[in-house]
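Since we're looking at a predicted model, the values are computed, not measured.
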Amino acid sequence: MLRLSTPSIDESVIEAVNAVLRSGQLVYGVQGQRFEAVLQDFLGVRNAIVVSSGTAALHLALVALGIGPGDAVLIPDFTFPATGNVVRLVGAHPVLVDVDPLTYCVTPESVTAAIEAWRGPQKLRAFIPVHEFGHPADMHALLPIAQHHNLKVVEDAACAIGATDQGKACGTHGDIGCWSMHPRKTLTTGEGGILSTDNDALAAKLRLLRNHGMVRQTQGICFGKPGYNLRLTDIQSAMGLAQFPHLPNWINQRRILATEYCQALAPLVSGGVLTLPTNHPGHSWQTFMVVLSTSIDRATLIRELAEEGVEANLGAQCLSMQPAFEDTPPMPVTRHAPHLFKHGLALPFCESYGPQHVAQVTNLLARLLLKPCDFQAI
């Protein structure tokens with residue numbers, strides 16, 4: 001089976017983990033501190049803070065910014081539910097914003113429309129743009145809107161490690177950036193997350209919240225305020241450190257693979273059976289999702305692909321179509337997010353795949369989706 005994605009775990013990663021296990025220092029420590037220093041340099045930020053998951057990063061970001069009951073937070077309607085879950089978990093109200101049909105990210109127009117349409121009792125306090133699948137959201141246009149409305153900005157860059165826009169790392173434009181290191185991500189620690197900020201006071205608050213609100217003093221340990229236990233273990237940090245030297249090459253390989261997919265799938269685009277995502281030069285390509293024609297039954301296609309040894313799946317969720325958010329209508333009604341949810345198809349994609357895998361997938365799609373005469377013409 002050609003899997004949707006496979007993490008790149010070589011012997012250096014396994015040995016790095018073994019070394020930590022032998023040391024007996026398993027919780028956050030020297031490895032975590034080293035990992036944070038490497039991430040700070042890579043992202044070009046003053047502070048990088050590793051935590052137990054990407055969801056934990058988003059949650060801590062909202063808590064540190066004081067977002068809670070009585071507040072409303074703008075989020076995309078097309079995203080993984082974690083983006084909306086954390087808003088609910090701090091007691092705030094998610095305001096769902098439509099996305100672009102080709103980048104899958106919110107736009108200045110959709111954000112402005114949502115702000116103008118909002119009539120809820122909660123006060124708009126924050127905005128979580130998502131760099132969906134690694135495509136850069138247009139932060140240069142979105143930030144002025146957020147600043148005009150006095151909104152805190154938490155960038156959900158869960159899929160966007162290595163993504164850039166105009167030379168700046170995605171996730172480093174707003175007040176806080178958040179990344180995931182889930183196994184589907186290019187850099188993985190099994191589970192894990194990253195927070196970044198250039199605000200030292202905010203970073204100190206995030207570190208306190210991560211570790212029970214604990215402060216080490218000369219006379220002992222002081223717990224100044226309630227906190228969480230959301231540390232990343234040194235086992236996981238060792239994994240990240242061992243993979244890190246390969247990260248730039250992996251991102252480059254993903255960009256090459258995405259370009260090969262776009263070229264190979266061109267006949268299916270002209271055949272009217274699917275559309276392709278925008279190939280932004282700074283895209284980090286965590287996922288390659290096409291959008292099928294409404295005439296195609298996606299569930300049937302996924303089953304037929306699996307029968308031929310190719311794994312595929314939907315891309316992300318449309319939150320307004322999920323039971324957990326049924327009391328949260330989008331503002332205004334979204335058009336593109338439901339369509340992407342119902343017709344998006346994620347194809348096998350990771351840095352270890354090459355032209356032969358692209359050919360395997362696209363030839364199979366052509367056989368399943370195009371008429372015989374169209375297929376013969378490819």
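Contact of the Leu4 side chain with the Arg184 side chain is registered, since non-hydrogen atoms from C-beta on lie closer than 4.5 Å. Side-chain contact between Thr103 and His280 is absent, with no heavy-atom pair separated by less than 4.5 Å. Annotation: side chain of His336 is not in contact with side chain of Asp100 (no heavy-atom distance under 4.5 Å). Side-chain atoms of Leu276 and Tyr261, non-hydrogen and from C-beta on, never get closer than 4.5 Å to each other. Taking 4.5 Å as the limit, every side-chain heavy atom of Ile161 sits out of range of all side-chain heavy atoms of Ser284. Looking at heavy atoms from C-beta onward, Val154 lies in side-chain contact with Cys178 at the 4.5 angstrom threshold.
One finds a salt bridge joining Arg210 and Glu36 here, because a Lys/Arg side-chain nitrogen approaches an Asp/Glu carboxylate oxygen to under 4.0 Å.
Ring orientation note: the planes of His173 and His140 are nearly perpendicular, at an angle over 60° on the 30°/60° scale. Using cut-offs of 30° and 60° on the angle between ring planes, the pair His339 and His343 is tilted. Between Phe349 and Trp285, the ring planes are tilted. Angles from 30° to 60° get that label.
Shown here is Glu11, whose CD atom has no more than 12 heavy atoms of other residues, nucleotides or ligands within 6.0 Å. For CZ of Arg303, the number of neighbouring non-hydrogen atoms (other residues, nucleotides, ligands) closer than 6.0 Å is greater than 12.
Side-chain N or O atoms of Gln25 include one that pairs as donor or acceptor with a backbone N or O of Val27 at under 3.5 Å. Remark: side-chain polar atoms of Gln31 are not paired, donor with acceptor, to backbone N or O of Ile235 under 3.5 angstrom. Using modelled atom types, one side-chain atom of Asp234 and one backbone atom of Gly29 make a donor-acceptor pair closer than 3.5 Å.
Residues that satisfy the side chain to side chain contact (heavy atoms under 4.5 Å, CB included) test with Arg88, not counting sequence neighbours, are Pro94, Phe325, Asp327, Thr328. Shown here are the side chain to side chain contact (heavy atoms under 4.5 Å, CB included) partners of Asp198, two or more places apart in sequence or in another chain: Val45, Arg46.
Ile115 contributes atom CD1, which lies 8.5 Å from atom NE2 of His148 (distance to the nearest 0.5 angstrom). Remark: Cys170 SG to Glu155 CD distance equals 7.0 Å, nearest 0.5 Å. In this structure, CD1 in Ile145 is found 7.5 Å from CD in Glu109, a value given to the nearest 0.5 Å.
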Quick one: do Trp118 and His93 satisfy ring pair (Phe, Tyr, Trp, His ring centres under 6.0 Å)? Show the steps, please. CA-CA 12 Å; Trp118 176 243; His93 182 83; 5.4 Å; yes

For Asp77 and Ser320, run side-chain hydrogen bond (donor to acceptor under 3.5 Å, both in side chains): C-alpha distance rounded to whole Å, both residues' side-chain angles, the deciding distance at 0.1 Å, then the answer. CA-CA 6 Å; Asp77 195 16; Ser320 60; 2.8 Å; yes

Would you tabulate the side-chain donor-acceptor contacts of residues 55-76 under 3.5 Å, counting partners in other chains and residues two or more places apart, or write 'none'?
{"unit_1": "Asp71", "atom_1": "OD1", "unit_2": "Arg125", "atom_2": "NH1", "d": "3.4"}
{"unit_1": "Asp71", "atom_1": "OD2", "unit_2": "Gly68", "atom_2": "N", "d": "2.9"}
{"unit_1": "Asp71", "atom_1": "OD2", "unit_2": "Arg125", "atom_2": "NH1", "d": "3.0"}

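Under 3.5 Å, the side chains of Asn199 and Thr197 contain no donor-acceptor pair of N or O atoms.
Across Arg254, Glu351, His246, a single residue satisfies side chain to side chain donor-acceptor pair (under 3.5 Å) together with Thr186, and that is Arg254.
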